[in-house]
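Just below is one structure, and these are the notes that go with it.
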Amino acid sequence: MNPIALILLFPLLGFALNGTIGHKLPKGIAPWIGTLFIFLPFVITLGQWDILSNDVEATIKWDAYTFFNLDGIIFKAAFTLDRLSIWMTLIITGIGTLIHLYSISYMDHDPNAAKFFSFLNFFVFNMLLLVLGANFLMLFFGWEGVGLCSYLLIGFWYQNASYGKAARKAFIMNRIGDLGLLLGMFLIIKNYGSLEYSDVLPAIAQGTGGSVLLTSIAILLFIGAMGKSAQIPLFTWLPDAMAGPTPVSALIHAATMVTAGIYLVIRCEALYALAPIANEFILWIGLATALIGALIGLRQNDIKKVLAYSTVSQLGFMFVALGVGAYTTALFHVTTHAFFKALLFLGAGSVIHGVHDRQDITQMGGLKKMMPLTYITFLIGTLAISGFPLLSGFFSKDEILASVFHHNIVAYIVLVIAALLTATYMFRLLFLTFHGEFRGTDYALKDVHESNWKMTTPLVVLAVLSILGGVLNLPHYLLHTDGFLASWLRPTFLIFENPAHTDITTEIILIGVAISIFLFGFIYSRSRYITKNMSPEQSTAGIEKVLSNKFYIDEFYQKAIVRPIEFLGDILFALVDTLLLYGLTFSVHPILRFIGRFNRKIQNGNIEYYLLYMVGAIALLLGLNLLFA
Amino acid sequence: MELLIIAPIVLALVSALGSKWNKWITWIFSMAGLVVLLGNWGSLAPLVKGAEFATLVDYPWLGETVHFQLGIDGISFFLLLLTNMLIPVIVLSINSDKRLALIPLILFMQAGLNGVFMAQDGLLFYLFWELAMIPIYFITLMYSERDAFATTIRFFVYTFIGSLAMLASLIFLGSKSLNGSFAYTDLYNVQLSFAESIWVGAGFLLAFAVKIPLFPFHVWQPNTYTYAPAQGSMLLSGIMLKMGLYGVLRWYFPMATESIDFYQPIIMTLAVIGVIYGAIIAMRQDDMKRMIAYSSISHVGLIAAGLFALNSSGFQGGLLQMFVHGINVVGLFVAVNIIERNFGTRNLNELGGIAQKNKLFTVLFFLVIIGTVAAPLTNGFPGEFLLLKSIFDYQATYAVFAGLTIIFCAVYMLRMFQFSMLGECNTETENKTIPIAQLIPLFVVAFFVISIGFFPQWYLDLFQNSSAGLLNMISNVKGVLS
């Protein structure tokens with residue numbers, strides 16, 4: 001059997017099994033089925049590594065069947081495992097396995113655990129569809145499929161109406177982006193007669209299609225990416241998505257699904273390399289998102305919300321890299337971010353578990369004594385994302401900063417500020433949660449417990465990855481050659497060349513800036529929350545209030561878009577449909593009755609009247625005849 | 001194939017006589033059409049896969065000019081399949097033993113519908129068109145939950161005016177045809193001047209626009225769908241409105257080809273307005289049936305726009321979506337009917353939490369919902385994809401507006417699901433479970449949601465040649481014109 005078929009089959013099977021008979025199995029079986037059926041694809045994928053690594057041209061293909069054909073254009077369910085998709089597949093199934101393992105005990109007490117694992121497996125299936133698909137159609141399938149799973153999992157605890165609202169918001173905002181993606185696909189079909197990557201992308205690379213066309217396609221596809229990867233203006237669903245169980249936040253809303261937009265742009269490298277205007281657009285959207293996400297993250301007091309805005313901001317970093325054409329760098333940051341953000345979310349989940357389902361950091365503090373392993377791993381995650389030298393985030397973020405530096409100095413400065421804020425809000429979160437005095441009011445510190453091995457093992461593995469992840473693409477100044485990821489991906493690109501290397505002086509300055517960023521964030525937060533021992537801010541005035549209220553963007557959307565549409569719906573229903581159309585159409589009926597009544601009066605049965613009408617009519621006709629003769 | 005018309009009439013009479021019979025016997029009656037249709041697959045298959053509207057039977061009927069002439073091709077077969085497959089589902093969803101006339105009327109209507117989709121003679125088409133309407137008038141008149149007379153009379157007058165306009169067009173065509181024949185090919189061969197074509201086209205379009213219903217000719221629809229008994233709403237939305245769309249394809253386009261260029265921008269604009277208009281109103285409805293009524297305006301608007309884009313993907317997407325919309329809208333009405341029957345209301349403000357005690361129903365209902373929302377791997381996706389593509393090929397800006405449906409539809413469908421199924425229980429929805437037997441129709445629907453979702457080509461194969469043949473026939477005339 002084709003390995004791709006197996007990779008896709010197991011999660012689908014897990015979904016079907018757990019979805020149908022999972023809850024009837026003895027307790028504890030369903031979660032292990034779910035975990036195993038993600039681990040197996042990981043192993044199978046690893047098994048294909050050699051084939052791809054021995055031959056730079058090699059790809060593994062699977063043509064499953066013809067989905068439909070339209071006048072000779074064949075829309076296939078076809079898949080390919082190449083150097084880019086195997087990288088994504090390993091992240092998805094690898095991190096996926098860890099998060100499934102973690103969920104076994106996280107969801108232990110939930111009566112619907114089988115359903116949870118069923119949805120989680122279905123998510124992995126759709127995510128694999130997205131990255132393994134050999135054409136835009138399969139990408140779109142996975143794309144919408146992960147959106148659907150995200151909806152199901154955010155609203156997993158469906159009794160809670162506000163979770164349901166968050167779930168719908170996520171689905172609908174994603175669909176706004178999906179419309180862009182869909183229109184982009186129509187434009188591709190119209191001009192290239194196919195949706196297969198292997199037809200479309202080489203044609204673009206060889207110069208088919210004018211710059212207006214390429215820019216239009218590039219921007220339409222990017223609109224899709226803005227929805228899925230939570231970029232301004234479509235980002236407000238992601239923080240709300242934290243309503244779902246924490247492992248879901250780690251897997252879907254941090255490590256995998258939200259990076260689908262970055263994958264799309266990397267996949268369409270040939271297109272974006274030839275659409276400079278679109279790139280500039282992506283750069284500034286990414287930059288604005290990186291900054292605004294980080295700013296809001298500074299004043300959130302919900303442990304998961306901080307991480308959510310951090311994710312928004314980090315996704316912005318990745319798009320900045322894409323905007324300046326640094327495709328490998330973006331994927332590198334996708335990878336390291338998957339490690340440390342999954343780690344941070346799972347750490348947050350461990351904390352939430354330990355303090356009995358509380359997420360408010362105003363009720364925490366000093367937890368490191370009770371949860372040493374969670375603390376250490378969370379610390380490693382914080383150090384990695386803040387850019388502590390030699391940890392994974394240091395290398396990937398430094399690469400982004402360096403490539404922006406060469407592209408546009410203003411963008412570089414903005415991004416440095418965003419990085420600075422990142423270190424600041426992350427240390428704020430770390431200190432307020434684990435250091436200082438315990439601030440809980442409705443529970444005691446001694447009730448806090450460390451999580452068991454099923455939850456801490458993934459933390460330890462991810463912590464190791466967060467430390468060592470940098471080796472995947474070490475910089476030129478250390479290796480004097482391209483990093484591993486850069487040379488690995490090189491053959492999949494049609495146009496993109498790995499960038500020339502900067503001289504050592506610039507490099508040293510950039511590293512200096514990067515280290516200062518880290519130090520500033522650390523020292524600033526330390527002075528506030530450790531030295532001065534401040535409590536979490538209750539921001540009630542000025543800019544702090546604006547930040548803690550997330551720039552009032554949700555309120556703005558509510559007032560500017562949702563309300564007007566609702567109002568329009570009411571108006572159309574009451575005035576246009578009911579009153580105008582229905583009323584007017586059926587007012588024919590009284591008019592007819594009025595005419596009828598008038599007619600009745602004329603035809604009253606008196607022969608004299610009839611004679612009168614007749615004479616009158618004859619006179620009229622004669623008169624008219626004379627007049628016009 | 002006359003049997004497709006005769007059998008339901010006979011069975012309608014039989015079931016009217018034995019109206020106290022067991023529900024399962026009448027259900028078997030309702031299966032007759034499907035059995036006939038599939039039983040003849042062997043002999044039909046070559047015709048179905050053909051490009052032409054092939055004649056099956058042809059008897060002289062009213063003199064020499066009007067024939068009892070029936071034909072079939074992939075398009076007709078596909079709609080016959082829809083009709084005869086949905087009728088048993090609809091019969092199965094009947095929940096009252098007191099509505100004695102319901103099953104005979106439904107069977108009677110089945111005969112009319114089958115006739116509409118096969119008629120190959122202008123007057124015969126008109127006859128079946130009206131024949132299919134009579135039972136539904138009685139169904140709404142006798143069993144509407146309120147305002148029965150007012151609703152029905154308005155529905156009747158409105159649709160009848162449209163039908164008369166079509167009759168005028170048909171008679172005009174007949175008067176100009178060779179030997180005054182009303183046969184499909186003879187009417188097709190009539191050469192019309194531009195002005196004549198505009199008038200003939202107007203007659204057809206008025207009838208079809210009312211039936212589809214196209215904005216702003218939809219005024220009869222929301223109240224009728226809302227107040228009609230559940231089975232009436234299913235018949236109207238699931239099958240009946242496909243008569244209008246079918247009429248556009250089979251009769252309007254070939255008969256008044258010269259007028260297409262004139263009407264195309266008008267209908268496209270109205271259809272796209274309808275897509276958005278229906279969706280925006282649907283978002284604000286609390287009565288589930290009324291919400292589905294407005295969402296239906298939105299969905300059929302998209303189909304109409306695809307047909308009028310007059311390209312291959314529009315025809316194929318349109319045909320597929322007629323089938324899919326039929327299945328999904330019946331699924332939705334069945335689900336609403338189940339909810340209303342078990343929990344006493346279909347008002348979204350009074351429901352909630354049904355999911356807690358009814359897992360299977362929740363799954364089935366959700367499948368219908370995501371099918372309607374057109375998620376990939378469900379039946380809504382391929383048709384909607386093809387339709388939006390066809391509109392995009394016609395005029396990209398139209399596709400942007402029509403494409404809003406993928407956002408709006410998610411809004412109102414998920415809102416309905418949230419307020420009815422999720423959230424906390426109230427006193428009405430607590431401690432009540434839905435008997436499994438009531439869910440059987442939904443299993444049929446679910447089968448199609450998934451099978452069309454995964455393998456749309458199976459279904460497209462049924463009519464792809466015929467659809468191409470029809471498009472060819474139209475563009476040949478258009479080619480001569482231009």
Side-chain angles (χ1 to χ4, degrees), chain A residues 19 23 65-71 73 75 77 115 126 129 137-138 140-145 147-148 151-152 155 158-161 163-165 167-168 171-176 178-179 182-183 185-187 189-190 565-566 568-570 572-573 576-578 580-582 584-586 588-589, chain B residues 153-154 157-158 216 218-220 222-223 277 279-285 294 312-313 316-317 352-353 355-356 359 363 366 370 373-377 381-382 385-386 388-389 392-393 396 399-400 403-404 406-411 414-415 418 421-425 454-457 460 464 468:
Chain A
H23 62 284
Y65 65 97
T66 297
F67 192 64
F68 55 79
N69 72 61
L70 178 75
D71 300 336
I73 304 177
F75 296 87
K115 186 174 93 173
N126 279 299
L129 215 57
L137 190 71
M138 285 302 111
F140 189 76
F141 273 39
W143 193 271
E144 288 250 293
L148 185 67
Y151 164 81
L152 290 169
Y158 61 85
Q159 289 89 340
N160 185 321
Y163 293 0
K165 195 169 184 195
R168 280 183 290 144
F171 191 77
I172 288 157
M173 287 201 111
N174 268 292
R175 276 228 148 178
I176 298 173
D178 294 354
L179 178 57
L182 200 58
L183 293 171
M185 283 161 64
F186 293 149
L187 207 51
I189 302 174
K190 197 171 180 175
I565 290 180
E566 288 179 348
L568 186 64
D570 291 339
L572 287 180
F573 177 63
V576 180
D577 214 65
T578 310
L580 189 70
L581 290 177
Y582 195 79
L584 207 66
T585 312
F586 296 115
V588 170
H589 162 217
Chain B
I153 194 78
R154 287 173 177 194
V157 170
Y158 209 81
H218 67 276
V219 288
W220 62 271
N223 272 353
Y277 178 87
I280 287 184
I281 295 184
M283 285 187 227
R284 300 294 288 164
Q285 300 307 311
Y294 281 104
S312 174
S313 86
Q316 295 187 25
Q356 295 187 20
K359 295 214 160 64
V363 172
F366 190 68
I370 60 170
V373 172
L377 297 179
F381 177 77
F385 180 86
L386 290 171
L388 286 173
K389 180 191 171 303
F392 186 86
D393 289 345
V400 175
L404 291 175
I406 75 164
I407 301 162
F408 291 161
C409 184
V411 174
L414 295 181
R415 172 177 173 269
Q418 173 76 41
M421 304 300 294
L422 309 181
E424 294 284 354
C425 295
F454 273 81
F455 306 106
Q457 190 60 40
L460 287 169
Q464 249 170 350

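By convention in this document, chain letters (A, B, ...) are assigned in the order of the sequence lines, proteins followed by strands, and residues within each chain are numbered from 1. Note that the structure is a prediction, hence the values are computed from the model and not measured.
- Only the side chain of Leu460(B) has a heavy atom closer than 4.5 Å to any heavy atom of chain A.
- Contacts of Asn69(A) with chain B are made by both backbone and side-chain atoms, with heavy-atom separations under 4.5 Å.
- For chain B, the nearby part of Phe171(A) is the side chain; its heavy atoms alone come within less than 4.5 Å.
- For Ile73(A), no part sits under 4.5 Å from any heavy atom of chain B, backbone or side chain.
- Once rounded to the nearest 0.5 Å, the distance linking CG of Asn223(B) with OG1 of Thr578(A) reads 8.0 Å.
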Please walk me through it: do Glu566(A) and Arg284(B) pass side chain to side chain contact (heavy atoms under 4.5 Å, CB included)? CA-CA 7 Å; Glu566(A) 288 179 348; Arg284(B) 300 294 288 164; 3.4 Å; yes
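- Residue Leu386(B) touches chain A through its side chain alone, counting heavy-atom pairs closer than 4.5 Å.
- Put simply, CZ on Phe392(B) and CG on Leu182(A) are 9.5 Å apart, with the number rounded to the nearest 0.5 Å.
- Residue contact with chain A, scored on non-hydrogen atoms closer than 4.5 Å, is absent for Val363(B).
- Comparing Val411(B), Val157(B), Ile406(B) by heavy-atom pairs within less than 4.5 Å of chain A, the highest count is held by Ile406(B).
- Here CD1 of Ile565(A) is found 9.0 Å from CD1 of Ile407(B). Values are rounded to the nearest 0.5 Å.
- Residue contact with chain A, scored on non-hydrogen atoms closer than 4.5 Å, involves the backbone and the side chain of Phe454(B) alike.
- Put simply, of Gln418(B), Arg154(B), Gln464(B), the one with the most heavy-atom pairs under 4.5 Å next to chain A is Arg154(B).
- Note that the CG atom of Asp570(A) and the CD atom of Gln285(B) stand 8.5 Å from one another [nearest 0.5 Å].
- Under a 3.5 Å cut-off, the side chain of Gln159(A) and the backbone N or O of Gln356(B) do not form any donor-acceptor pair.
- Phe67(A) CZ to Phe455(B) CZ: the interatomic distance, rounded to the nearest 0.5 Å, is 9.5 Å.
- Residue with the most contacts toward chain A among Phe408(B), Trp220(B), Phe366(B): Phe366(B) (heavy-atom pairs, distance under 4.5 Å).
- Side-chain contact check for Phe385(B) versus Met185(A): some heavy-atom pair is nearer than 4.5 Å.
- Taking all atoms of both residues into account, the shortest heavy-atom contact from Thr66(A) to Gln457(B) is O-CB, 4.2 Å.
- With a 4.5 angstrom heavy-atom cutoff, Leu183(A) touches chain B via backbone and side-chain atoms both.
- The heavy-atom pair separating Ala410(B) from Arg175(A) by the smallest distance is CB-CD, 4.1 Å.
- When each of Asn126(A), Asn160(A), Asn174(A), Val576(A) is checked for heavy-atom pairs under 4.5 Å with chain B, Val576(A) comes out on top.
- Atom NZ of Lys359(B) is surrounded by 12 or fewer heavy atoms from other residues, nucleotides or ligands within 6.0 Å.
- Separation of the Phe381(B) and Phe140(A) ring centroids falls under the 6.0 Å cut-off.
- Here Ala355(B) is the residue among Ala355(B), Gly353(B), Pro216(B) with the most heavy-atom pairs under 4.5 Å with chain A.
- With rounding to the nearest 0.5 Å, the separation of CZ in Phe573(A) from OH in Tyr294(B) is 5.0 Å.
- Ranked by heavy-atom pairs under 4.5 Å with chain A, the list Asp393(B), Ile370(B), Ile281(B), Ile153(B) is led by Ile281(B).
- Pairing each heavy atom of Asp577(A) with each of His218(B), the nearest pair is OD1-NE2, 2.6 Å.
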